Each structure stands twice: as structure tokens, then as C-alpha cells.
Asks: 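Dropping the structure in here first, questions after.
What you see is a predicted model; the values in this text were computed from it and never measured.
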Amino acid sequence: MLVLTTIVVPCFGQRWAEDMLDHRSHDFGMVARGAKIEHRFTLENIYEEDARIVSARSSCGCTTPKFSTKILKTWDKTEIVAVLDTRNFLGQKDSTITIRLDLPFPAEVQLHVHAYIRRNVVIQPEAVAFGTVTQGTAARQTVKVSYAGRDDWAIERVTTDNPSLKARVVKTRSGGGFVDYDLIVDLAEDAPVGYIREHLILVTNDAQPRASRVPVTVEGVVIASAVSPGAATEDSVVPTITVRPSTLLLGVIGPGESATRPLVVQGSKPFKVVSATCEDERFACATSEKSSVRHLLPVTFTADEQTGTIHGKILIKTDPAAKPVEAAVQVRVMPEEKATAAE
């Protein structure tokens, strides 16, 4: 169990900041020219004090670091996204990304990114982009993979860890040192609601092991079905509902204390939130009688004597009646003596 304590700078140096990252190095391997390639480093504030990211800079123009959240409260997470420029750079590229924080204490953390950008394999367009897909609807996207070098180059298979994706390749040209394929990717109708951020791997017959695996980005978002079964009509004005964050972190509190943070519930058309309930009655969510395309629903957890990490699910029902959506909520209740150990 992690015990939250005040950070002592002379003792820990900058290790306290390094400990917030899930990993600090990534090797993309060999990637195709023109492909959209990015990697996400997760940073989680595991301390009682707020953490604040001031900046992220890269030692090489081939890699651009991005992050969306500057201030992280206890157990909040953000992602440092390393985006590789495969259009303007070729060959071996090694980057050091320096993350600077000023809270709770000044620190710098370095992330390391490595890649070899091939000139003889090109992806067009840059990624398999599904965009927004409604659950229950199958979708297909095709990208072109082009190779220049030898006639017998081949993509032997395509691998993915996502059971909702099926991919295959069809050779469209071979000869004169050029080989072209269509990479056809299908998204299953029953794909779960949420963001798709995946890498397919093209396994080729290149002799060098590192060159034989070419990543291709797949991205999109699956949203809940707009209409409950049996409720749809041609004149239906039922909105498509999404909720974020997918997991709402309420932070760290002590027994008998409470914490409140908002869920954002959004629709394609104006709607009302009829109810927002949780089986665990310690979680309470306020609703709104007004009709809007966007609602902020405050979620409050009131702790009893139970300690540890507590999980719940908020079930949200709307009017017009869309398919109910769920939002995961999480709070950590620390024993009073541990929660106050830093005071």
C-alpha cells in the first residue's frame, strides 16, 4: 500500500517526479514514412500535494511532446504524448523529452524516444482513422502501403491485440522494384464504447528482425447507440450521449469526509438528465431539469469508516431516452493517521 507523505527534496532529489511515470523510454522500431506515429507516457500524481507541469520540450525537432493537463491533484493522471514527424525526417532518430515541474517542488524528468524512419515504406493516409462510430454499426477503412526496393517484398500478415479489429492486406501492384498493398481494417459492430488508440503491426519478409515489423496507427471513437431497442422512429430526435472522463477520480479523503468533482455529459442534440444513480449510496450525483447539449453533473462521495480504493459506476439515463451510459468513479479513503502524516 502506498503511504502518502511529504516529499523531502534532499533525500529524494528528483526521484519523486520519476516515480509518477509508468515508464520513461520507448523504441518505435522501424516506422513507415508518412505514418502517424505517437506514444503515450502516463504520469500519475501519487502524492498528497498538487503537482504542476510547466513545460515539455524535445531535443529533436523530429519529436513533438504534448500534454493536456497542467495541474494534477492526488491520483489524477495525464499523458505526455510523443508525436513523431515521419514526413520531414528520415533514418535513425533519438529524442530526449524533458518534462519540467514546479509543484510540489521544482524537478525535471527526461523521457527517451527512439525510432528509425524508413524511406522505402510509405503509408497513405497517415493512419487508419475511423472517426466517430456509433456502437452497433460496422465500419471499414483502407490505407495504402507502398514499398520501393525489390519485387519480392511482401506483407506476410497483420497482427493486433484488439479483438474488435480485423485487418487484411490485398496486393495491388508488384514489379519494377515497387510493391503496393491495400490495408483493409474492419471495426466490429460490438466494439466497446470509448476511444480507439491502437497500433496494427505489419509483419513483412524483411530479413532484419527490427525492419520486419511496421506499426500502423488506428484511431477513432465508439459512442453509445443513440436509440434504445424498439424506441427508434423516422422522426426520432434522440441524442447520442457521451460522458467524460471515462473514469472520474475524486482524489484522497479521510473517513467521514466528502469530495465532489463533475462529470461532463454531452449529446448530439439537447437532452435532459433524468437520473444519475449508483448502487453504492455513498456516491451521489446531481441532475438537471434543463435541456442542453452539455451537462456538468457534480458527483459527491461521502466516506464512512471503510478505507482503501473504492470504485463505483454512475448509471445515467436521459430524456429523450437514449441508451443509458455508465461512468466509472474512484476515490481513495486513507486512515486518518496516514492522511494527516504529512501535517
Side-chain angles (χ1 to χ4, degrees), residues 13-44 53-69 77-101 107-129 143 145-149 153 155-162 165 167 183 195-219:
Q14 300 194 47
R15 196 186 73 193
W16 67 268
E18 296 174 356
D19 287 345
M20 292 196 294
L21 285 151
D22 59 345
H23 62 293
R24 292 187 289 127
S25 180
H26 181 72
D27 188 348
F28 288 110
M30 286 194 173
V31 301
R33 187 174 188 180
K36 180 176 182 179
I37 300 294
E38 61 184 35
H39 181 74
R40 297 170 183 270
F41 298 89
T42 299
L43 188 150
E44 178 181 13
I53 302 172
V54 177
S55 64
R57 67 180 188 275
S58 174
S59 63
C60 175
C62 60
T63 305
T64 301
K66 298 180 180 180
F67 61 94
S68 58
T69 304
K77 294 181 181 181
T78 192
E79 291 178 322
I80 309 298
V81 185
V83 182
L84 188 65
D85 182 354
T86 64
R87 294 184 178 275
N88 299 306
F89 295 86
L90 293 170
Q92 182 65 40
K93 296 298 172 185
D94 303 292
S95 305
T96 298
I97 297 172
T98 302
I99 311 299
R100 188 164 67 89
L101 302 95
E108 287 189 351
V109 181
Q110 292 187 334
L111 310 176
H112 303 283
V113 178
H114 312 281
Y116 188 94
I117 305 169
R118 300 179 63 161
R119 67 171 66 245
N120 60 351
V121 179
V122 179
I123 301 289
Q124 293 179 319
E126 64 180 8
V128 179
V143 300
V145 183
S146 300
Y147 170 85
W153 186 84
I155 300 174
E156 297 181 334
R157 64 184 185 277
V158 185
T159 66
T160 175
D161 293 329
N162 189 332
L165 297 173
L183 170 62
Y195 287 98
I196 304 167
R197 295 192 182 103
E198 305 283 345
H199 282 111
L200 299 175
I201 301 296
L202 307 182
V203 181
T204 75
N205 63 352
D206 284 289
Q208 185 182 349
R210 193 166 184 243
S212 67
R213 299 175 62 83
V214 180
V216 178
T217 296
V218 182
E219 57 188 10

Asks: When rounded to the nearest 0.5 angstrom, what is the spacing between CG in Leu165 and CD in Glu198?
Replies: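 Taking CG in Leu165 and CD in Glu198, the distance rounds to 6.0 Å.
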Asks: Looking at every non-hydrogen atom in both residues, tell me the closest pair between Ala82 and Phe28 and how far apart they are.
Replies: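 Taking every non-hydrogen atom into account, O-CZ, 4.1 Å.
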Asks: Is there a donor-acceptor pair closer than 3.5 Å between any side-chain N or O of Thr42 and the backbone N or O of Asp22?
Replies: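 A pair under 3.5 Å: no.
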Asks: When you compare the side chains of Asp206 and Thr204, does any donor N or O come within less than 3.5 Å of an acceptor on the partner?
Replies: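 Result is yes, a qualifying pair exists.
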Asks: I'd like to know whether Val145 forms a side chain to side chain contact (heavy atoms under 4.5 Å, CB included) with Val121, so could you lay out the CA-CA distance, the side-chain angles of the two residues, the decisive distance to 0.1 Å, and finally the verdict.
Replies: CA-CA 7 Å; Val145 183; Val121 179; 4.2 Å; yes
Asks: Out of curiosity, Glu44 CD to Lys77 NZ, how far, rounded to the nearest 0.5 Å?
Replies: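 NZ of Lys77 is found 4.5 Å from CD of Glu44.
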Asks: Measure from the side-chain N and O atoms of Thr69 to the backbone N and O of Thr78, and report whether any donor-acceptor pair falls under 3.5 Å.
Replies: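 Not at all, since once roles are kept as given, no pair shorter than 3.5 Å links the two residues.
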Asks: Would you call Lys66-Glu38 a salt bridge at under 4.0 Å N-O?
Replies: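 Glu38 and Lys66: not salt-bridged.
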Asks: Looking at side-chain heavy atoms only, is the closest gap between His114 and Gln92 below 4.5 Å?
Replies: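 Yes - at least one pair of side-chain heavy atoms lies under 4.5 Å apart.
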Asks: Could you tell me whether the side chain of Val158 reaches within less than 4.5 Å of the side chain of Val216, counting heavy atoms only?
Replies: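 No, their side chains stay 4.5 Å or more apart.
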Asks: Search all heavy atoms of Trp16 against all heavy atoms of Ala107 and return the closest pair with its distance.
Replies: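 In this case the closest contact between Trp16 and Ala107 is CZ2-CB, 3.6 Å.
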Asks: Nearest 0.5 Å, what's the CG-CG distance between Leu43 and Leu111?
Replies: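 One finds 8.5 Å between CG of Leu43 and CG of Leu111.
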Asks: Taking all non-hydrogen atoms of both residues into account, name the closest pair between Phe41 and Ser25 and its distance.
Replies: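 Nearest pair, atom of Phe41 first, then Ser25: CE2-N, 3.7 Å.
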Asks: Donor-acceptor pair, Thr63 side chain versus Ser95 backbone, under 3.5 Å?
Replies: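 No, the answer is negative, given that no donor and acceptor are paired below the 3.5 Å cut-off.
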Asks: Run the side chain to side chain contact (heavy atoms under 4.5 Å, CB included) check on Arg210 and Asp27 step by step: do they pass?
Replies: CA-CA 11 Å; Arg210 193 166 184 243; Asp27 188 348; 2.9 Å; yes
Asks: Nearest 0.5 Å please: distance from the CD1 atom of Ile97 over to the NE2 atom of His26.
Replies: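 Spacing of CD1 (Ile97) from NE2 (His26) equals 11.0 Å.
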Asks: Quick one, Asp85 with Val83, criterion side chain to side chain contact (heavy atoms under 4.5 Å, CB included). Give me CA distance, side-chain angles, the key distance, then yes/no.
Replies: CA-CA 7 Å; Asp85 182 354; Val83 182; over 6 Å; no
Asks: In terms of ring plane angle, is the pair His39 and His23 parallel, tilted or perpendicular, where the classes change at 30° and 60°?
Replies: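 Because their plane-to-plane angle is over 60°, the rings of His39 and His23 count as perpendicular.
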Asks: Which atoms form the tightest heavy-atom contact between Val109 and Glu18, and what is the distance?
Replies: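 So the two residues come closest at CG2-N, 4.0 Å.
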Asks: How about CZ on Arg40, more than 12 heavy atoms from neighbouring residues, nucleotides or ligands closer than 6.0 Å, or not?
Replies: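 Yes, enclosed.
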Asks: A side-chain contact here means heavy atoms from C-beta on lying under 4.5 Å apart; do Arg33 and Leu90 qualify?
Replies: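 In contact.
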Asks: Are the side chain of Thr86 and the backbone of Gly34 linked by a donor-acceptor contact shorter than 3.5 Å?
Replies: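 Confirmed, Thr86 side chain pairs with Gly34 backbone.
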Asks: Could you give the distance from CG (Leu202) to CD (Glu156), rounded to the nearest 0.5 Å?
Replies: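 With rounding to 0.5 Å, CG (Leu202) is 11.5 Å from CD (Glu156).
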Asks: For residues Val31 and Arg118, determine if any side-chain heavy atom of one lies less than 4.5 Å from a side-chain heavy atom of the other.
Replies: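 Side chain of Val31 against side chain of Arg118, heavy atoms only: no contact under 4.5 Å found.
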Asks: Is there a side-chain contact between Asp94 and Cys60 in this structure, where contact means two heavy atoms from C-beta onward sitting under 4.5 Å apart?
Replies: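 Asp94 vs Cys60: side chains apart.
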Asks: Can you check whether Leu183 reaches Leu200 side chain to side chain, under 4.5 Å on heavy atoms?
Replies: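 Result yes, sub-4.5 Å side-chain heavy-atom pair found.
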Asks: Answer whether the closest heavy-atom distance between the side chains of Glu219 and Ile196 falls below 4.5 Å.
Replies: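 No - every pair of side-chain heavy atoms lies 4.5 Å or more apart.
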Asks: Give me the atom names and distance for the closest heavy-atom approach of Pro65 to Ala56.
Replies: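 Nearest heavy atoms, Pro65 then Ala56: CG-O, 3.5 Å.
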Asks: After noting the C-alpha distance and the side-chain angles of Val218 and Thr160, does the key distance pass the side chain to side chain contact (heavy atoms under 4.5 Å, CB included) rule?
Replies: CA-CA 10 Å; Val218 182; Thr160 175; over 6 Å; no
